[in-house]
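Since we're looking at a predicted model, the values are computed, not measured.
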Amino acid sequence: MTQYRVTSSRRIKARASRVYATIADYEKQHPHIVPLEYFRRLEVLEGGVGAGTRTRVEMRVLGSTRVFEQVVTEPEPGRVIMESNQDGSGVTTFTVEPADGGESAEVTIATDLMSRPGLGGYVERILASWVFPRIYRKELAQLSNYLARQV
């Protein structure tokens with residue numbers, strides 16, 4: 001198995017604490033920032049805000065639907081929140097850094113994935129490296145728009 005990373009970043013005009021709180025609220029706010037054409041369902045199984053939250057996600061990418069459960073941790077509360085797939089297939093990290101003297105936040109979504117060996121794994125890595133940043137750019141745009149509407 002080969003590990004690889006896909007990532008995307010965006011500067012968002014909102015305080016880092018507000019951005020982080022929105023991402024960490026899986027019960028009320030996070031569902032508004034995920035692109036519905038990819039994330040068909042986001043169900044909170046336990047908790048709902050920050051560390052200890054457990055979710056079930058249904059995701060449709062390239063014609064294939066996958067359902068997986070995640071556990072949320074906060075390795076650096078207020079700065080880094082992490083979603084770990086229970087099956088060990090991937091870990092998605094949201095990193096929120098203050099920018100522009102605190103008036104904005106630099107937000108990075110990064111996923112570490114494991115691919116199969118051989119040609120199938122190579123194709124999987126190529127497709128994921130193309131599709132996931134596209135999904136994350138949409139998610140970051142929705143996050144920015146959501147926060148702009150909340151003012």
Taking atom types as modelled, is there a side-chain donor on T111 or Y136 under 3.5 Å from an acceptor on the other?
-> yes
Closest non-hydrogen atom pair between S9 and T108, with its separation = OG-OG1, 2.6 Å
Find the distance between CG (L113) and CG (N85) and round it off to the nearest 0.5 Å.
-> 8.0 Å
Calculate, to the nearest 0.5 Å, the distance between atoms CD and OG belonging to E139 and S8 respectively.
-> 10.0 Å
Side chain to side chain, R41 and V67, heavy atoms closer than 4.5 Å | yes
At their closest point, which heavy atom of V19 faces which heavy atom of A14, and how far apart are they?
-> CG2-CB, 3.8 Å
F39, L143: one ILVMFWY side-chain cluster at the under-4.5 Å cut-off?
-> yes
Using atom types as modelled and distance alone, determine if a side-chain donor or acceptor of E43 lies under 3.5 Å from a backbone N or O of R56.
-> no
How many angstroms lie between atom CD1 of I135 and atom OH of Y38, to the nearest 0.5 angstrom?
-> 5.5 Å
Interatomic spacing from OG in S17 to CZ in R79 - rounded to 0.5 Å = 15.0 Å
CD/E69 to OG/S84 distance, rounded to the nearest 0.5 angstrom?
-> 13.0 Å
Counting N and O atoms only, with roles assigned by atom type, does the side chain of R15 sit under 3.5 Å from a partner on the main chain of G102, one being a donor and the other an acceptor?
-> yes
Is a side-chain donor or acceptor of S144 paired with a backbone partner of L140 at a separation under 3.5 angstrom?
-> no
Check ring pair (Phe, Tyr, Trp, His ring centres under 6.0 Å) between Y20 and all other residues, then give those that pass, not counting sequence neighbours.
-> none
CD-CG distance between Q86 and L45, expressed to the nearest 0.5 angstrom = 9.5 Å
Please write out which residues are connected to L36 in a hydrophobic cluster, directly or through intermediates, given that two of Ile, Leu, Val, Met, Phe, Trp, Tyr count as joined at side-chain heavy-atom separations below 4.5 angstrom.
-> none
Is there a chain of hydrophobic side chains (I, L, V, M, F, W, Y, each step under 4.5 Å between heavy atoms) that links Y26 to V34?
-> yes
Listed once per pair and sorted, the salt bridge (charged side-chain N to carboxylate O under 4.0 Å, His left out) pairs that draw on residues 84-94, sequence neighbours left out | R66-D87
With R137 via salt bridge (Lys or Arg N to Asp or Glu O under 4.0 Å) - residues at least two apart = none
Side chain proximity check, M82 to T92, heavy atoms < 4.5 angstrom | no
Could you name each residue pair satisfying salt bridge (charged side-chain N to carboxylate O under 4.0 Å, His left out) that touches residues 27-37, not counting sequence neighbours?
-> E37-K138
Would you say H30's side chain and D25's backbone share a donor-acceptor pair under 3.5 angstrom?
-> no
Residue list, salt bridge (Lys or Arg N to Asp or Glu O under 4.0 Å) with E74, at least two apart or on another chain = none
Are D100 and K13 within salt-bridge range, i.e. N to O under 4.0 Å?
-> no
Between E46 and T53, is any pair of side-chain heavy atoms under 4.5 Å apart?
-> no
Applying side chain to side chain contact (heavy atoms under 4.5 Å, CB included), run through I109 and T7 and close with a yes or a no.
-> CA-CA 6 Å; I109 305 174; T7 186; over 6 Å; no
In one Ile/Leu/Val/Met/Phe/Trp/Tyr side-chain cluster, 4.5 Å: V6, V80 = no
Consider only side-chain heavy atoms of I, L, V, M, F, W and Y, link residues closer than 4.5 Å, and tell whether I81 and Y146 are in one cluster.
-> yes
Within 6.0 angstrom of R11 CZ, more than 12 heavy atoms from elsewhere | yes
Single-linkage hydrophobic cluster, 4.5 Å side-chain cutoff, V107 and I33 together = yes
Where the side chain of R18 meets the backbone of L147, is there a donor-acceptor pair that is under 3.5 Å apart?
-> yes
Evaluate salt bridge (Lys or Arg N to Asp or Glu O under 4.0 Å) for R40 paired with E58, printing each intermediate quantity in order.
-> CA-CA 5 Å; R40 299 295 173 94; E58 181 179 325; 5.6 Å; no
Would you please say whether a donor-acceptor pair under 3.5 Å links the side chains of T65 and R60?
-> yes
